[in-house]
Amino acid sequence: MTAELCARAPIGMLAELTHRCPLQCGYCSNPIELERVNNELTTEEWVSVMRQAGEMGILQVHLSGGEPTARKDLEDIISAASEAGLYSNLITAAVTLKRDRLEDLVKRGLDHVQISFQDVDAENAERIGAYPGATQKKLDVARWVVDMGLPLTVNAPIHRQNIHNVGRYIDLAVELGAQRLEIAHVQYYGWAFLNRAALIPTYEQTVQSIDLVENARERLKGVLTIDMVVPDYYAKRPKPCMGGWGKGFMNITPAGKVLPCHAAESIPSLAFDNVRDRKLLDIWMNSDAFNAFRGTEWMKEPCRSCAFKEIDFGGCRCQAMAMTADPRNTDPACALSPYHGEMVALAKAEAAKPATEFVYRNPRNVTAAMKTAQEPL
Ligand code: SF4
Ligand code: FES
């Protein structure tokens, strides 16, 4: 079944270079069990991944983590991406990036930088990320990016502890000269799933933030592109997660596992191939994990006989797993899912209570985090 379902190469690849990160945000979608540094791919292995990606016809590589600048060989990886003809996007928290290093990365072919801001209020931002002094460093890096002529995306991870500042995020992106602003309502995977009660906004706050963005989009046409990822716990239809499983995207973990999405390791029935053992193209075309939910044959009802199944692909497999304990179920974000009512009620109930304390994303908190993991519905 595979050849006809994946005749096209993926458009994008997320390369999670490391799970090391100077920040400790509780909304992080990295898995709770963070990858150890001594298991990370070597420079040569990442260089080979970039070459293979270029040969396959992948167009863009998003260099992420953790914090990708924690890799001392980021320079070599970017050179390899550039030589392979990949458009490279550095997704960074920007707190440790120095100007001369950024200049060097640009010379080596870096094409785009995306910087996350935990809030526009410095004090709150630095509490959320657990990194004092972060805001000024981020502002400095954002200005260097624009000075160096690179396109800048401001990433705004939105949740109940900063949702009141969506308007000010828009002002900040304009003031910095960003090309794009990503109003990314937190999606509940990994550490964010664990911290959901600290993060989930009310339905009313969510709707207000969406209205605000829609008005700003109109007002700022030609000045700033605003992308928005909405929290699907309050949706009626699910997001077409990853644009469909195994359809246009692949994710490489720091240890070289190749995943159809960043949260796929939360599905225990799947086994993932590694770039250390198999070629990237072979994994894309033939691996069991990529073929598990390709197309529509795997679907159960109500998706199987639904008119939208080629549009949203049944939503998100990882959310179906987290909320219903079966990744083949309809994503409960869909109003046709038998779990939908319970999911909305849960979201509203959590949002109505005071926010819980963050469990910060930190290797020292992994054991505690495993014990407090959220249960499915
Ligand atoms: Fe999409 Fe499945 Fe819901 Fe239909 S039933 S709208 S295919 S998630
Ligand atoms: Fe894995 Fe949506 S995050 S399919």
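When a ligand or atom number is given, it counts from 1 through the structure's own listing order. Worth saying up front: this structure is predicted, and the values here are computed from it rather than measured.
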ask   = Would you say Gln114's side chain and Asn89's backbone share a donor-acceptor pair under 3.5 angstrom?
value = no
task = Enumerate the atoms of ligand 2 whose separation from the nearest heavy atom of Cys261 is less than 4.0 angstrom.
result = 1 (Fe), 3 (S), 4 (S)
request  = Could you tell me whether Cys316 approaches ligand 2 through its side chain, its backbone, both or neither, with non-hydrogen atoms closer than 4.0 Å?
outcome  = both
query = Aromatic rings Tyr87 and His112: how do their planes relate, parallel, tilted or perpendicular, breaks at 30° and 60°?
reply = tilted
request  = Report yes or no: does Tyr169 contribute a side-chain atom to a donor-acceptor pair with the main-chain N or O of Phe117 at less than 3.5 Å?
outcome  = yes
query = With atoms numbered from 1 as shown, which atoms in ligand 2 lie under 4.0 angstrom from a non-hydrogen atom of Arg317?
reply = 4 (S)
query = Around atom 3 (Fe) of ligand 1, how many protein N, O or S atoms are there at under 2.8 Å?
reply = 1
ask   = Within the side chain of Asn215, is there an N or O that forms a donor-acceptor pair under 3.5 Å with the backbone of Leu212?
value = no
Close side-chain approach of Glu175 and Leu139, heavy atoms under 4.5 Å = no
salt_bridge(Glu75, Arg101) N-O dist < 4.0 Å = yes
task = Within a distance under 4.0 Å of any heavy atom of Tyr189, pick out the atoms of ligand 2 and give their elements.
result = 2 (Fe), 3 (S)
task = For Cys241, take its heavy atoms, then give the atoms of ligand 2 lying under 4.0 Å from any of them.
result = 2 (Fe), 3 (S), 4 (S)
inquiry  = Under a 3.5 Å distance rule, please check whether Ser88 uses its side chain to pair with a backbone N or O of Asp111 as donor and acceptor.
reply    = yes
query = Roughly how far, to the nearest 0.5 Å, is the CG atom of Leu346 from the CZ atom of Arg196?
reply = 4.5 Å
